[in-house]
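Each chain gets a letter, A, B and so on, in the order the sequences are listed, and its residues count up from 1. Because the structure is a prediction, the values reported are computed rather than measured.
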Amino acid sequence: MAAMSGLTVEIADKTFPASDGAPERALYRDFRLEVADRSFVALLGPSGLGKTTLLNIVAGVDKDFRGKVAFTSEKPRIGYAFQSPRLLPWRTVLDNVLLALPKGREHVERARAVLGEMGLGDAERVFPERLSLGMQRRVALARAFALEPDLLLMDEPFVSLDEQTAEKLRDLLADLIQRRPTTVLFVTHDSREAVRLADRVVVLAGPPVRIERDVRVELTPEKRREAGDVERVRDHVVRVAG
Amino acid sequence: MAAMSGLTVEIADKTFPASDGAPERALYRDFRLEVADRSFVALLGPSGLGKTTLLNIVAGVDKDFRGKVAFTSEKPRIGYAFQSPRLLPWRTVLDNVLLALPKGREHVERARAVLGEMGLGDAERVFPERLSLGMQRRVALARAFALEPDLLLMDEPFVSLDEQTAEKLRDLLADLIQRRPTTVLFVTHDSREAVRLADRVVVLAGPPVRIERDVRVELTPEKRREAGDVERVRDHVVRVAG
Amino acid sequence: MGAASRLGWWAISLGAFVAVWWLAALIYAEPKLLPTPPHVLDALLVLAKSGALFSNLAITLARVAAAFLLAMSIGSALGILMGMSMTADRLLGPWVVLFLNLPALVIIMLCYVWFGLIEAAAVAAVAINKIPNVAVTLREGAAALSRDLAEMAAIYRFSRWKTLRHVILPQLAPYFAAAARSGLALVWKIVLVVELLGRPNGVGFELQTAFQLWDVATILAYALAFGLIVQAIELGVIQPWEQAVNRWRR
Amino acid sequence: MGAASRLGWWAISLGAFVAVWWLAALIYAEPKLLPTPPHVLDALLVLAKSGALFSNLAITLARVAAAFLLAMSIGSALGILMGMSMTADRLLGPWVVLFLNLPALVIIMLCYVWFGLIEAAAVAAVAINKIPNVAVTLREGAAALSRDLAEMAAIYRFSRWKTLRHVILPQLAPYFAAAARSGLALVWKIVLVVELLGRPNGVGFELQTAFQLWDVATILAYALAFGLIVQAIELGVIQPWEQAVNRWRR
Amino acid sequence: ARPLKIATLKFGTVNWLLDTMKAESEKAGKPAPFERLELASTQALTVALQAGQCDLTVSDWPWAMRRRIEGEPFRFAPYSSALGAVMLGKDSKIASVKDLKGKKVGVAGGPIDKSWLLFRAWAHKEVEGDIAAMVEPVFGAPPLLNEQLRLGRIDAVLTFWNFAARLDAEGFRRMIDVADVMADLGLKPQPPMVGFVWRETLFETAGGELEAFFQGVKAANETLRTSDEAWSRLKPSMHVQSDAEFTRLRDYFRAGVPGPWGQAELASSQKLYGLLSELGGAEFVGPNPRFDPGLFWSPKV
Ligand SMILES: Nc1ncnc2c1ncn2[C@@H]1O[C@H](COP(=O)(O)OP(=O)(O)OP(=O)(O)O)[C@@H](O)[C@H]1O
Ligand SMILES: Nc1ncnc2c1ncn2[C@@H]1O[C@H](COP(=O)(O)OP(=O)(O)OP(=O)(O)O)[C@@H](O)[C@H]1O
Ligand SMILES: [Mg+2]
Ligand SMILES: [Mg+2]
């Protein structure tokens with residue numbers, strides 16, 4: 001069974017030093033974010049604020065900060081859909097997904113199934129640079145989904161996708177979360193999308209980054225599909241952020 | 001004064017050959033698109049259909065097809081905001097913009113002004129990899145805008161930007177077009193955005209790509225800012241596409 | 001590009017080479033200084049018939065192969081380590097530069113003196129000569145590795161081996177190709193010197209003898225024989241390998 | 001990394017080198033075969049006092065510099081051409097492989113015979129030896145150039161020169177660094193051989209004499225002197241350059 | 001008795017001596033008293049001796065003397081006194097040393113080659129000052145220099161006797177033999193320069209073999225001096241281009257077969273050493289030159 005995967009990020013200080021004429025950027029100062037186990041938190045905030053940096057800190061690839069990241073369980077399995085696809089261009093689509101998974105037949109099956117659901121069934125053996133950017137992004141999503149992670153970090157996952165495809169992927173994500181309890185940190189610029197998917201929308205402002213607004217979204221799955229309800233909550237999110 | 005910059009694309013055949021287990025992709029067959037001088041054409045269509053390929057053909061970097069691209073004037077100046085930023089990572093933000101411009105003081109001024117308007121005033125001397133993806137995309141847009149092109153190709157230019165910033169950039173784009181007559185080919189997945197900006201929304205379907213629906217948007221600039229009118233036209237676009 | 005077309009181009013290119021050489025030799029008309037291709041072919045046949053060609057080439061090739069493998073593996077390991085770890089680079093960098101610039105003569109001499117005029121000393125001398133070369137080339141590659149992909153590998157918990165095989169080595173492929181090509185050539189050249197200085201056989205030994213007797217045709221015959229072997233390696237191993245590892249490029 | 005810290009690490013690393021050498025020499029206890037550092041320093045001082053050190057080093061360095069510049073510029077041009085044009089690669093590739101593997105002896109001999117035992121022949125021989133090396137390294141770099149950026153440059157109508165300077169060369173920087181480092185070393189080594197076979201002066205010539213007299217301390221003194229010069233070039237030119245061209249990496 | 005291991009150059013003239021020795025032994029039904037390690041360069045020979053890969057090698061004695069002074073217990077026994085010559089172009093106008101002024105002169109073996117040193121000493125009496133400063137010396141490998149003379153790129157060459165013989169056979173003019181140079185310098189009898197070098201310790205491990213070996217050397221030298229048949233036996237392995245060249249080589253070799261080693265030879269060697277240390281300086285003889293007669297050894301007859 002999946003581990004508990006809530007987390008608390010405390011960043012006493014995260015600053016990118018000045019270099020070569022670039023000014024110093026003090027991104028975070030005494031910042032704290034708690035994410036409950038199995039919750040779906042959407043992060044909204046202006047471009048260049050530090051959202052990606054936050055995900056990198058949570059993922060453990062950015063260690064150059066003062067503060068700490070504490071998980072409820074030890075070492076949750078992390079799936080990270082980066083802002084750019086970060087595929088291995090010299091491995092086929094299928095291999096890119098498989099490399100993130102443990103060995104085993106059932107994993108191959110699962111990878112194939114996820115790719116199929118994402119409309120990449122006939123691209124399994126293609127090298128990533130021969131795909132459109134939207135397809136590459138879907139491969140990266142497939143990689144994160146197929147892993148069935150405890151903690152799923154997503155950095156604007158559904159851009160470069162047409163509305164229909166994006167819709168399908170949102171459903172896939174909902175499925176995944178339902179099948180297996182997962183904590184999700186989801187960066188997006190689309191407030192509608194945030195409300196449609198998340199339990200909680202956190203609007204960030206700064207710098208230094210602070211939580212401007214923390215909106216709980218208490219809609220049933222059905223209501224989330226209705227424009228009216230979504231727009232109502234969204235107004236709430238946007239008005240405050242604006 | 002700017003040259004005429006309407007164009008006609010005729011693609012008798014555009015096929016990516018099969019390679020290494022990847023199936024052959026016949027993208028275009030007997031496709032034809034006319035873009036009037038100074039018009040703003042938005043292209044909508046599913047991910048992986050061939051929109052980027054179309055822009056590449058128009059831009060002249062993809063020459064491996066049967067057919068032809070005819071411009072009303074000779075050699076229009078082209079600005080292309082690629083789907084990924086394609087900045088020179090070893091040149092600063094300002095240099096990246098300046099390299100696309102002719103030499104001269106007034107061009108430096110203009111590049112600076114455009115960067116400033118895009119909220120990158122303090123990032124002029126930063127190397128691109130030290131920017132957030134949204135900022136990189138803005139630099140790439142600044143490069144295309146500062147050139148004051150006759151023909152502006154844009155491939156999902158406003159993703160990775162928060163709603164506010166995106167809004168500001170849309171205004172900037174409108175300004176640019178007003179100041180100087182420009183023909184725009186604009187790929188997006190956001191039908192609202194398409195309606196808000198374009199004179200004409202072309203919905204593509206396939207493969208092979210065909211024009212599923214060609215909607216003229218006859219809204220005044222004021223009406224474009226009103227949700228009601230936009231949604232009305234959008235319903236038209238989306239219903240047919242769906 | 002298919003194997004057939006590759007072979008065709010190769011033939012055209014080398015044909016042109018032979019033509020230029022032949023013409024030059026005819027114009028120069030000094031067979032003692034620049035023999036014509038048939039002259040050299042004759043010398044080659046004489047050497048082949050006597051068996052000297054094959055035995056010497058075999059011995060030299062064995063030394064080249066041993067030293068090459070040794071130098072490539074140690075040098076790559078060292079270079080990748082230095083490229084990826086700042087500390088390793090700072091500590092080992094100056095040593096590498098020093099050894100890189102130690103004259104072959106010095107290394108060969110010291111190896112022979114310390115280990116005796118034995119086969120192992122010869123191979124070691126060549127490998128020591130070549131290791132720093134491989135190391136500096138691969139260090140550049142390792143220093144230019146993509147950070148994005150390394151982070152991806154870390155997050156998805158790729159094992160060390162998986163990271164090396166699927167993330168790092170593919171990025172180093174062009175550096176390997178460069179190191180292998182100029183490495184093979186360098187190793188061969190040093191083996192010649194090593195044989196000259198202390199082995200009683202091999203191509204280097206024969207070349208020196210031919211040089212003393214001013215037998216240019218024989219010298220060119222040996223050079224040609226090795227050149228053809230490398231061309232075969234190029235066509236049969238390196239180029240297919242390169243093509244395979246570059247399949248993914250659009 | 002600041003210049004001071006760079007210098008510090010360098011000193012630590014070379015200090016360790018000297019320590020290892022010293023220890024080995026003391027244990028081996030055969031000053032004729034492995035002299036201690038003070039021994040070699042003595043030899044260096046003797047050479048310096050007599051002026052032989054400087055005059056020979058100067059002559060050799062001049063040859064190294066000339067051949068290096070020649071080989072780097074021609075080799076780079078050739079390599080970039082081959083990397084960027086398939087046709088050029090197919091036509092010139094086999095030639096490059098052939099010349100790459102032509103023994104130094106052959107080239108030196110033919111250059112001397114055709115041009116006489118003159119300075120130009122020596123420099124040409126070294127350059128010809130080195131050109132294919134540079135070419136194969138830069139070809140790999142040129143073949144791995146980003147297509148995305150090339151397309152960008154084409155659309156924004158970068159001139160040839162602008163494309164070369166701002167798009168192509170920065171991508172080739174690591175290949176240049178590799179070619180320059182191992183190139184300098186190779187050129188120096190071949191210059192030694194060239195001097196040995198047909199020049200009346202220079203370090204190679206002196207090494208030959210020292211070798212005949214079995215004067216290991218003098219041999220190491222010359223090797224050391226050149227090693228230090230290269231270290232100085234490394235610290236003063238190559239590393240600052242590398243740091244400057246790599247500033248942009250995150 | 002174990003055969004002695006001798007390191008030689010593959011193309012060296014000492015092989016003619018050793019081949020003859022071997023053939024004569026075989027004719028007498030005995031195995032050759034030595035084993036050969038053929039190497040490709042003079043450096044390789046010294047490395048081989050130094051690294052203990054052979055018992056004996058071939059060298060000139062000034063080198064052995066220097067190493068002996070430096071502490072290597074080397075011994076030396078001569079086998080040849082053949083030396084080089086100054087050769088001129090086929091129709092060269094050069095008649096005497098004076099005419100060499102301003103000309104390009106090839107020198108095999110480098111600036112501290114003993115023949116070159118002696119030639120300079122000798123020329124000193126013919127011209128005012130150092131001939132080395134008056135000509136343009138071109139140092140290089142002997143085969144390269146031969147080619148340069150053939151191409152007319154240099155006007156004269158001072159080279160080793162076997163290379164001189166080859167030029168001689170092709171009709172190039174001989175200006176002066178180094179043997180004559182020595183004679184003019186008062187080095188009489190002409191001291192043999194080239195011989196076998198080995199470590200003193202070899203006497204303990206293979207004293208008898210060494211005696212036997214030098215008996216063989218003496219006998220073979222005698223055979224080569226007198227028998228044409230011995231030379232026709234060697235001819236196929238001599239890489240000669242013409243009969244003229246063969247004859248020249250043979251005659252040169254014969255002229256170089258040294259007589260018995262005695263006090264007179266020792267004295268003239270000492271004189272030569274004095275001359276060389278004066279001319280070549282520390283670079284040639286080492287920092288503290290000293291003539292050690294203990295270097296020379298000759299078999300008891
Ligand atoms: N390696 C780096 N060196 C210096 N500054 C950096 C570096 N990486 C990011 N920054 C700076 O940190 C800030 C935040 O970057 P980050 O990528 O986290 O933004 P973001 O919120 O994800 O923006 P976007 O929505 O545009 O992706 C930016 O201003 C950027 O310039
Ligand atoms: N170099 C290539 N080699 C082979 N196939 C390619 C290549 N480039 C693109 N394709 C294929 O062509 C199709 C169209 O690609 P294109 O990038 O034009 O799509 P797109 O409409 O821009 O999609 P997106 O909205 O995802 O960016 C894709 O199916 C892709 O796999
Ligand atoms: Mg971001
Ligand atoms: Mg696209």
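- In terms of non-hydrogen atom pairs under 4.5 Å with chain D, the most contact-rich of B:L153, B:L99, B:L147, B:I78 is B:L99.
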Would you enumerate the inter-chain donor-acceptor pairs between chain B and chain D whose distance is below 3.5 Å?
from, atom 1, to, atom 2, distance (Å)
B:K75, O, D:R157, NH2, 3.4
B:P76, O, D:R157, NH2, 2.6
B:Y80, N, D:Y156, OH, 3.1
B:Y80, O, D:Y156, OH, 3.0
B:R86, NH1, D:D148, O, 3.3
B:R86, NH1, D:E151, OE1, 2.9
B:W90, NE1, D:H166, O, 2.6
B:R91, NE, D:H166, ND1, 2.8
B:R91, NH2, D:R165, O, 3.4
B:R91, NH2, D:H166, ND1, 3.3
B:L99, O, D:K162, NZ, 2.6
B:R130, NH2, D:R247, O, 2.8
B:R130, NH2, D:R249, O, 3.0

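- Residues meeting the side chain to side chain contact (heavy atoms under 4.5 Å, CB included) test with B:A146, sequence neighbours left out: B:V97, B:L101, B:V114.
- Legend: residues meeting salt bridge (Lys or Arg N to Asp or Glu O under 4.0 Å) with B:D175, ordered by chain and number and at least two apart, are absent.
- By the side chain to side chain contact (heavy atoms under 4.5 Å, CB included) test, D:A48 pairs with D:L53, D:F54, sequence neighbours left out.
- The environment of D:F176 atom CZ is dense: over 12 non-hydrogen atoms of other residues, nucleotides or ligands sit within 6.0 angstrom.
- Atom CD of B:E24 has more than 12 neighbouring heavy atoms from other residues, nucleotides or ligands inside a 6.0 Å radius.
- Heavy-atom minimum distance, B:L87 versus D:L149: O-CD2, 3.5 Å.
- Ranked by heavy-atom pairs under 4.5 Å with chain D, the first of B:P89, B:A59, B:G60 is B:P89.
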